[in-house]
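Within every chain, numbering begins at 1; the chains are lettered A, B, ... in the order of the sequence lines, protein sequences first and strands thereafter.
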Amino acid sequence: MSREPTASEQTTRQQPRRSVFAGLSWHEVRALLRGDPPTERPNPRYRAHTNSFFLHLRPRTYPAAATWITHTWFLGLLAVVLFVVEFVTGILLMIFYAPTPEQAYASVIAITYYVPFGALLRDLHRLAAEAMVIVVVLHMVRVFVTGSYKGPRAFTWLTGVFLLGVTLLLSFSGYLLPWDQLAYWAVTIGTSMAQATPLIGTELNLLLRGASEIGADGLLRFYLLHVLLLPLVGVLLLAVHYYRVARHHGISLPASVEEGEMPVAMRQSATRKIDFLPTIFLREVLVTAAALLALLAGAYFWFDAPLEQHADPLHTPLNTQAPWFFLWVQGLLKLGDKTLMGVMIPLISFILLAALPYWDRNPVRRWQRRPVAMTLGLLLAVSVGVLTYMGTASYGVVMSSAVAIVEQLAPEEGEGAFRRLPYAALTPGAYALDQPLPTDIAPELRDMLTTFAHLVEDASRAGDLNQGTAFVEIIERQANLKAVTLRIIWQPPDVDTLRTYTRTIYLHRDRNPEHAALRP
Amino acid sequence: MRKTEISHPLQGIDRREILAWIWLLAATAAATKATQLTYGFVRASRAARQPTSFNAGTVADLPSPGDAPRAFPDGRFWLTQTQEGVAALDGVCTHLDCLLGWDEQAHEFACPCHGSRFDASGRYLTGPAPRSMDRFAVKIVNPEGAVVASTDFAAGVQAAPLAGADVDSSASLHIIVDITLEATGAPVA
Ligand code: HEM
Ligand code: FES
């Protein structure tokens, strides 16, 4: 017990550990974590890159400047992290989700309200999906600005643009799955756009919907695309993409280093090699942890995955909007022909973007010396921004004032002031808003009714709703369910009959915000 | 050793290489056929929506000319009466398949998706829609089952004319809408 073990004894004892730590001894693992130099010769940390599958995917060393934060902003890494988060949360959601029109919506409700941590998981899945779109786009922007798509990295850029496509399609296919109104109609529009494709449009639409309209077949097809085909294609593309980066050309040096006239000493320090183990590895662990923490906090405190009313194939809701990352297409669609605007322009933009390194032959990388490329890029960004604004429901879709007033207070989709009233404040009764209100109603309801009456009065005074009057009727339909009917009656000057606009919304005790606060 | 000086793309081809090329060709053909079969498999889709024809009430229940069209949500169409007669307007927007709503205030159809608008007879007014609303075939049958009026798309008759119909018996004249027969709306000039 007092004798120190000999070196060979130590090696034997450490064999099991070495096989777990990719050939590294226990001493070596600890030295690595302490940031000490390697304990053996030749450097066993490089050997680990041969022994371990996961480490072999990563380069052994990086030139210092390629890892500058101001060069990569960790965006590629973050995209991978988010992709993995989507896998994990997605597989967990699959346990409770059922891809049929009869069950899908109920299963998402169940996930949100009854499954422990279900709401959190759903929020995470959706938040990470949307964050992934943003991160992937930013990653592309940085590669564009740093000129890193040029030369040997042309093909890498090409695979990247396809990865962006897969990311968008994943989000879009996931969008249908909750089977709510928003989902149903956004996807109806999306697949009708596919129909506008010349030659293959009708076939493509049929292939996606599995029938003439979206129904059980369409939902199943989108589900399979979402959980199988697209993730598979995504993983394969990611493998090709990253293989090029890791094995073929490495991360580019910042243009300032590659092209810059800099003092030798500075250049030397910019290009000196940094080992993956432990420096880069630990840095990535830190970034990943920070990203996960931010995601968790975002999903827990701030982000609620939306869920609207159950899909109704017989009624398109007002304010139907594409998901935000496709609003630019919706904006284009408002401009004109659907084949040109909905298919040809997005398709041509995609091809031009994918082929960018093949037509931009300018070898210069620094953005300051690429005025044309930067101007074009900026133009593209501004157009996408403007088109996105034009895609929102408020642009170009005119609602007449009666509909607009009711939509403001009790929208078909979304919450609105009426649905925010406490359930108990909805005193059943019929209220004619041109008459004095009963004195025994809750103050919240009184405010609400007064607002409604004012809105109609204003429109009436503006000549829009001639002699307009507002009515509200609240009926207790069954225990815990109230029906609220909003009605506007007016007398158009040129017709002799009265006109009416009516909408009824249903409020369930359980769907009210105070109840939603009980979510796990 | 043979001197290989390649001046022609097929120079020096031997038996092995020819066989290899044949294998590759065969594999390509098989893959093409497999793709075709897979496509046929995936494409198979269920029958169109059911039912295919609707009894849309009697002539007596029709909205009078100038009134708001009557909605038949199950068939996704609207019945309207114009000077020409009874027309069944397809409620699916000709732009991208959203369902139109009726704007009581403007007395127009309005699409909630991209804002196309159509008048009460389905004529295009504004928005990105490429054509006026489509129309389904309409038949008006008497209690004996005889057709007293109908659309005739081939002849350009897009509404079932009511001119000859006996107004007194209007409550017994049934309107039948056939949603398998459709005329596309007039393209926007
Ligand atoms: C392989 C990985 C994935 C699996 C197994 C998966 C699985 C699922 C499942 C089962 C749902 C339905 C549950 C629900 O609606 O909450 C869903 C929804 C969704 N997914 Fe994924 N998903 C994956 C990756 C992705 C990716 C990469 C994205 C986007 C970049 C994405 C975006 C969405 C969206 C937007 C929804 C709708 C969520 C909602 O409204 O609740 N998914 N996913
Ligand atoms: S679907 Fe009606 S305007 Fe686009």
Side-chain angles (χ1 to χ4, degrees), chain A residues 185-186 188-193 195-196 203 205-207 209-218 221 312-322 330-331 333-339 341-342 391 393 395-403 412 464-465 488 490 492 495 497 499-502, chain B residues 35-36 38-50 52 63-64 66-68 71-78 90-117 120 125-131 179-180 182 187-188:
Chain A
W185 290 102
T188 296
I189 297 177
T191 46
S192 308
M193 272 163 53
Q195 172 130 37
E203 283 292 299
N205 188 15
L206 198 60
L207 219 54
R209 293 184 182 178
S212 57
E213 281 140 38
I214 295 179
D217 300 76
R221 281 167 196 226
D312 178 1
L314 301 181
H315 176 75
T316 311
L318 294 161
N319 290 322
T320 291
Q321 246 185 28
Q330 181 146 333
L333 282 171
K334 287 183 191 168
L335 281 178
D337 181 62
K338 60 184 168 187
T339 304
M341 293 298 175
Y395 179 91
V397 181
V398 186
M399 249 187 260
S400 52
S401 47
V403 182
E412 286 185 333
D464 224 0
L465 288 168
I488 301 177
W490 71 99
V495 202
T497 49
R499 288 269 166 79
T500 313
Y501 180 77
T502 308
Chain B
T35 309
Q36 189 195 343
T38 310
Y39 180 77
F41 175 82
V42 176
R43 189 186 180 283
S45 62
R46 313 230 171 126
R49 63 180 126 112
Q50 303 284 337
T52 53
S64 6
D67 272 4
F72 288 84
D74 290 345
R76 299 180 159 197
F77 64 86
W78 300 73
D90 186 343
V92 176
C93 180
T94 53
H95 184 224
L96 287 172
D97 291 3
C98 285
L99 291 183
L100 299 167
W102 176 252
D103 180 342
E104 181 67 20
Q105 205 175 336
H107 221 65
E108 291 163 8
F109 288 101
C111 181
C113 292
H114 313 99
S116 290
R117 282 178 173 259
L125 296 172
T126 171
R131 57 178 196 274
I179 62 168
T180 58
E182 186 161 31
V188 172

A/Pro313 side chain reached by B/Arg76 side chain, heavy atoms, under 4.5 Å: yes
Partner chain A: residue of B/Cys113, B/Pro73, B/Cys93 with the largest heavy-atom pair count (under 4.5 Å): B/Cys113
Partner chain B: residue of A/Gln330, A/Gln195, A/Lys334, A/Glu203 with the largest heavy-atom pair count (under 4.5 Å): A/Glu203
A/Thr500 versus chain B, the contacting section by heavy-atom distance below 4.5 Å: backbone
Structural part of B/His107 lying under 4.5 Å from a heavy atom of chain A: side chain
B/Cys111, part contacting chain A, at a heavy-atom distance under 4.5 Å: backbone
Nearest heavy atoms of B/Pro112 and A/Pro317, plus distance in Å: CB-O, 3.3 Å
Counterpart residues, side chain to side chain donor-acceptor pair (under 3.5 Å), relative to B/Glu182 (two or more places apart): none
Contact check, side chains of B/Gln105 and A/Val403, non-hydrogen atoms, under 4.5 Å: no
Heavy-atom side-chain proximity of A/Met193 to B/Leu96 below 4.5 angstrom: yes
Closest non-hydrogen atom pair, A/Leu314 against B/Asp74: CD1-OD1, 3.6 Å
pair B/Pro128-A/Leu333: side-chain heavy atoms closer than 4.5 Å: no
Pairing residues for A/Trp490 by the ring pair (Phe, Tyr, Trp, His ring centres under 6.0 Å) criterion, not counting sequence neighbours: none
Which portion of A/Met399 sits near chain B, non-hydrogen atoms under 4.5 angstrom: backbone
Pairwise side-chain contact, B/Cys98 with A/Ile189, heavy-atom cut-off 4.5 Å (strictly under): yes
SB check B/Asp97 A/Lys338 (cutoff 4.0 Å): no
